[in-house]
There are 2 protein chains.
Amino acid sequence: MSYANEMTIAAESPAPAQHRPERRPDLATNLRIATLRLSRRLRNESSSEVSEAQYSVLAAVVHNGPLTPKQLADRERVQPPSMTRTVAALEDAGYVARTPHPEDGRQVVVTATDAGRDLVKEIKRRRNAWLNKGLARLTPAEREVVAEAAVILRRMVEE
Amino acid sequence: MSYANEMTIAAESPAPAQHRPERRPDLATNLRIATLRLSRRLRNESSSEVSEAQYSVLAAVVHNGPLTPKQLADRERVQPPSMTRTVAALEDAGYVARTPHPEDGRQVVVTATDAGRDLVKEIKRRRNAWLNKGLARLTPAEREVVAEAAVILRRMVEE
DNA sequence: TATTGTTATACTCTATAACTATA
DNA sequence: TATAGTTATAGAGTATAACAATA
């Protein structure tokens, strides 16, 4: 997928001088375009052993400890049958293990295996490496601006 | 500056104090997390009449004028049969029109309809509005940092 | 022959509905 | 009855292979 052309038409072309005090396309437009492009590249060009849906679930289990399919479905905002399938795929691949819940016989506990933890680490390494290639082309001052913004944005989207 | 640091799992959580001089997770890690979360929210919470794949194709046609399915497939990095399907869905919905190429009988020209142009405009408006809700909670200084970073990042991922 | 586009078919991820087991 | 999870089935989006039309 390409999100190469998401800006408003006015913002897109250097534009017929409007009666606006700003020459720079507005913040939301720039941020929207930069974010969607960057995420697409991150997903596509740091390709991996598992799909994005599977990676997201695996990373949740690795970072937040054992979780039940119900908790994972809520967190990922998918329906339970979708999570059954995703967890089954991760289990088949050896990245998670499913065990009975110790107290509630209805529930299942999904735990990351060593292979699962290693894979998450490796995918993050790959993605950061890809990002760093682009960041290396910026000036130190630009990198500092981006670094500060990344902290602000990460806080802004915190769940 | 944290640019050169390697990301670790510890960098992701508040983390057991390590023997590291930096407290802030490195730039690539923050940027990766902020970008992936923000893009997921943008897609999910600014939902629309068309899928993301369809929107991307429609926006390309709206912004870059009539394009052939081949050009669209290359741009979106999908195979021709996938583009046939996406264009057919957009045509059925009335957002694009398919006409014969004036010079090359093998080709087809995909043009946006008025409804297609309106939809792109509306979806962009919705997404910017959603983003602005989050941005409104930042301080003016933070917004300025994010604004500068958005320009830098947009240039960094330019294709 | 090479290129553009389509049709046929299959796989993945998502969903809803219906079912089982347990609380 | 309510909850957790699964199975059955279907729709969208992707792919490869094979085909038709045109250059």
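Computed over heavy atoms, backbone and side chain alike; hydrogens, waters and symmetry mates excluded. Numbers restart at 1 for each chain; the letters A, B, ... are given by sequence-line order, proteins then strands.
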[X] and [Y] ion-paired at < 4.0 Å:
{"X": "B:Arg117", "Y": "B:Asp114", "result": "yes"}
{"X": "B:Glu76", "Y": "B:Arg85", "result": "no"}
{"X": "A:Arg155", "Y": "A:Glu148", "result": "no"}

Mind checking side-chain contact (heavy atoms from CB on, under 4.5 Å) for [X] and listing every partner two or more places apart, or none if nothing turns up?
{"X": "A:Val61", "answer": "A:Leu72, A:Val110, A:Ala112"}
{"X": "B:Ala93", "answer": "B:Tyr95"}
{"X": "A:Pro100", "answer": "none"}

Next item on the list: With heavy atoms under 4.0 Å as the rule, sort B:Gln71 into base, sugar-phosphate or nothing.
Entry: nothing

Next item on the list: Determine the contact category for B:Pro69: base if any of its heavy atoms lies under 4.0 Å from a base atom, sugar-phosphate if only primed atoms, P, OP1 or OP2 are that close, otherwise nothing.
Entry: sugar-phosphate

Next item on the list: Could you list the residues that satisfy side-chain hydrogen bond (donor to acceptor under 3.5 Å, both in side chains) with B:Gln79, not counting sequence neighbours?
Entry: none

Margin query: When you measure from the side-chain N and O atoms of A:Ser51 to the phosphate of C:dC13, is any distance below 4.0 Å, counting only OP1 and OP2?
Written below: yes

Next item on the list: Ignoring backbone atoms, test whether B:Arg77 places a side-chain nitrogen or oxygen under 4.0 Å from the OP1 or OP2 oxygen of D:dA15.
Entry: no

Rounded off to whole Å, could you give me the [atom1]-to-[atom2] distance for the [X] and [N] pair?
{"X": "B:Glu52", "N": "C:dT14", "atom1": "CD", "atom2": "P", "result": "15 Å"}
{"X": "B:Gln79", "N": "C:dT7", "atom1": "CD", "atom2": "C1'", "result": "16 Å"}
{"X": "B:Leu72", "N": "D:dG13", "atom1": "CG", "atom2": "C1'", "result": "16 Å"}
{"X": "B:Lys70", "N": "C:dA2", "atom1": "NZ", "atom2": "C1'", "result": "12 Å"}
{"X": "B:Gln54", "N": "D:dG13", "atom1": "CD", "atom2": "C1'", "result": "9 Å"}
{"X": "B:Asp74", "N": "C:dG5", "atom1": "CG", "atom2": "P", "result": "10 Å"}

Next item on the list: Would you jot down, in residue-number order, the residues of residues 100-108 of chain B having a non-hydrogen atom under 4.0 Å from DNA chain D?
Entry: B:Glu103, B:Asp104, B:Gly105, B:Arg106

Check: So which of residues 81-93 of chain A are in contact with DNA chain D, with a heavy-atom cut-off of under 4.0 Å?
Finding: A:Pro81, A:Thr84

Margin query: Rounded to the nearest 0.5 Å, what separates atom CZ in B:Arg154 from atom CG in A:Leu31?
Written below: 11.0 Å

Check: Under 3.5 Å, is there a donor-acceptor pair linking the side chains of A:Asp74 and A:Gln71?
Finding: no

